[in-house]
A.B. asks: 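Sharing a structure, written as C-alpha cells. Questions coming.
Below, chain A is the first sequence line, B the second, and so on; all start at residue 1.
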Protein chains: 2
Amino acid sequence: MVVSEAGRRIAEYPRPQADVFDQNCPSRSVLDHVTSRWGVLILDALRERPYRFNELRRRIGGVSEKMLAQTLQTLERDGFVLRDAHPVIPPRVDYSLTPLGRQAADLTDALKTWVEQHVPEVLDARDRHDARAEA
Amino acid sequence: MVVSEAGRRIAEYPRPQADVFDQNCPSRSVLDHVTSRWGVLILDALRERPYRFNELRRRIGGVSEKMLAQTLQTLERDGFVLRDAHPVIPPRVDYSLTPLGRQAADLTDALKTWVEQHVPEVLDARDRHDARAEA
DNA sequence: CGGTATCCTGAAGGATACTG
DNA sequence: CAGTATCCTTCAGGATACCG
C-alpha cells in the first residue's frame, strides 16, 4: 500500500514543523499523495462532480482498477475524498471531494490548467534540446 | 530515463488538444515531470535562488545523486531549468529556473505551501480513518 | 457494480565506484 | 565538484481471477 510508509504517526514525534525539504516530515508524504500519478487526475475529475467507481475509471485514461482503488483509499484516508457506499444491489459507491480535498484540488487544477496551456512551449523546448544533443 | 516514454513527438501527431485525461496527450508527461517526486522539490528550491549541484543535493533531503541528475536533465529538457556549466577547475555548474520554470514553480509552491499548512488536518483525518478501520 | 487477492514484470531508484 | 556507469533491490502498477 502507498500509505504504509510514514503511515502511523509516532506519539513521541507529534506534528513537527512542516517542511517538505525534510525527508522525515509528514508533509512530504501528503505532497507525494496529492501529486501522485493518479492522485492529481482523480482530484481534478472529482472537482467537476461526484463520480462512481467505474465512471471515474473511464474518465481517467489508463488507470487500472487496482491503482484507482488504491489511490482513492489513500486520498480518502488523508481526508481529501469522501466515499459514500449505498447499500443497494447492485452496489453503488459515490466518490466526492471533502472541503479539504476541494482546496487541494483547486491547486492541482491550477497546475493542470497551466500545463495544458504551456504544452507547446515545452514541446518546443524539447525539440531544441534534442537538436542540440544530436549536434 | 524518465523522459524516454513519450519523448520524441511524432510528426503526424503534432500538438493535439491538450487534455491530461487523455493518456496519449503529451501534457500528461509534462504534468508527470513537474509533479514527480523530486521535480516539485527541485523547482521549489530553485525558486529561492540558483543552486549548484551538491548544494541542491544537500538542500533536498533524501535525493540520490542519480535521481537529482536525472530529474534535473528532464526539467532542463522540458525548458524549466537552465544549466550553466562554467569551464573551470574544479567544475562549477549553476542551476536556475527559466521564466517558464518560474511560472511552474510558483504553482507547485502554492501547492507545497498549502500542504505544509494543512498537514495537521490530514494527520487528524488519518487518525480518524485508522480508528474507524480498527473498530 | 465495485471491489479484493494474487501473481508477475518493468521501471524507479538507491549504493557504490569511477572519471574529467 | 559534478557528474556517469554499473549493479542491485524495491516497488509501482498491470493482468487475471474471484467475491459480495
A.B. asks: Do NZ/NE/NH1/NH2 and the carboxylate oxygens of A:R49 and A:E55 come within less than 4.0 Å?
C.D. replies: yes
A.B. asks: State plainly whether the residues B:D106 and B:R47 are in salt-bridge range, i.e. N to O under 4.0 Å.
C.D. replies: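 Judged by the 4.0 Å cut-off on N to carboxylate O distance, B:D106 and B:R47 do form a salt bridge.
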A.B. asks: What is the distance, to the nearest angstrom, from the CD atom on B:Q70 to the P atom on C:dA12?
C.D. replies: 7 Å
A.B. asks: Within the pair B:Q73 and D:dT4, is there a side-chain N or O less than 4.0 Å away from OP1 or OP2?
C.D. replies: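 Affirmative; the distance criterion is met.
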A.B. asks: Would you indicate, yes or no, if C:dC1 has its OP1 or OP2 atom less than 4.0 angstrom from a side-chain nitrogen or oxygen of A:Y95?
C.D. replies: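 For C:dC1, neither OP1 nor OP2 has a side-chain N or O of A:Y95 closer than 4.0 Å.
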A.B. asks: Of the candidate nucleotides C:dG3, D:dG20, D:dG3, which contains the atom at the shortest distance from the side chain of B:E65?
C.D. replies: D:dG3
A.B. asks: In plain terms, say whether A:R28 and A:D22 are close enough for a salt bridge, that is, a side-chain N and a carboxylate O under 4.0 Å apart.
C.D. replies: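 Salt bridge absent between A:R28 and A:D22.
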A.B. asks: Measure from CE on B:M67 to C1' on D:dC8 and round the result to the nearest Å.
C.D. replies: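 Nearest whole value for this atom pair: 16 Å.
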A.B. asks: OP1 or OP2 of C:dG14 sitting under 4.0 Å from any side-chain N/O of B:R37?
C.D. replies: yes
A.B. asks: Can you tell me how far P of C:dG3 sits from NE2 of A:H86, to the nearest Å?
C.D. replies: 12 Å
A.B. asks: Can you see if the side chain of B:R52 gets near the phosphate of D:dA2 - specifically, an N or O under 4.0 Å from OP1 or OP2?
C.D. replies: yes
A.B. asks: Could you work out which one of D:dC1, C:dA17, C:dG2 sits closest to the side chain of A:N54?
C.D. replies: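 In terms of side-chain proximity for A:N54, the closest of D:dC1, C:dA17, C:dG2 is C:dG2.
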A.B. asks: Determine to 10° how strongly the helix from C:dC1-D:dG20 to C:dG20-D:dC1 is bent, judged from the axes of its five-pair ends.
C.D. replies: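 The end axes of the helix from C:dC1-D:dG20 to C:dG20-D:dC1 are about 50° apart, to the nearest 10°.
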A.B. asks: Could you pick out which residue, B:A69 or A:W38, lies toward the 5' side of DNA chain D when each is mapped onto its nearest nucleotide?
C.D. replies: B:A69
A.B. asks: So which one's nearest nucleotide on DNA chain C is more toward 5', A:R58 or A:K66?
C.D. replies: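 Result of the comparison: A:R58.
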A.B. asks: OH of B:Y51 versus P of D:dG3: gap in Å, rounded?
C.D. replies: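 B:Y51 atom OH is separated from D:dG3 atom P by 16 Å.
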A.B. asks: Check the pair B:Y51, B:E48 against side-chain contact (heavy atoms from CB on, under 4.5 Å), reporting the backbone distance first and the verdict last.
C.D. replies: CA-CA 9 Å; B:Y51 272 87; B:E48 306 167 353; 2.6 Å; yes
A.B. asks: Expressed as a whole number of angstroms, how long is the span from A:E55:CD to C:dG2:P?
C.D. replies: 8 Å
A.B. asks: Go through D:dA2, C:dC1, D:dC1 for me and flag the one nearest to the B:F53 side chain.
C.D. replies: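 Within the option list, the nearest is D:dA2.
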A.B. asks: Using whole Å, report how far CZ of B:R57 lies from C1' of D:dC1.
C.D. replies: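 Whole-Å distance recorded here is 12 Å.
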A.B. asks: Side-chain N or O of B:R83 less than 4.0 angstrom from OP1 or OP2 on D:dG3?
C.D. replies: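 The answer is yes; a side-chain N or O of B:R83 sits under 4.0 Å from OP1 or OP2.
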A.B. asks: Against the six-membered ring of A:Y95, is A:R52 placed for a cation-pi contact (under 6.0 Å from the centre, within 45° of the normal)?
C.D. replies: no
A.B. asks: How about A:R37 and B:S36: does a side-chain donor come under 3.5 Å of a side-chain acceptor?
C.D. replies: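 Distance-only check fails for A:R37 and B:S36.
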A.B. asks: Taking CG from A:L72 and P from C:dT4, how many angstroms apart are they, rounded to a whole number?
C.D. replies: 10 Å
A.B. asks: What I'd like to find out is whether the side chain of B:V122 reaches to under 4.5 Å of the side chain of B:V115, using heavy atoms alone.
C.D. replies: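 When only atoms from C-beta onward are counted, B:V115 and B:V122 do not touch, as no gap falls below 4.5 Å.
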A.B. asks: For A:D94, is there an ion pair with A:R83 - N to carboxylate O distance below 4.0 angstrom?
C.D. replies: no
A.B. asks: Report the distance from atom CG of B:L68 to atom P of D:dC1, rounded to the nearest whole Å.
C.D. replies: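 Atom-to-atom, B:L68 to D:dC1, this comes out as 14 Å.
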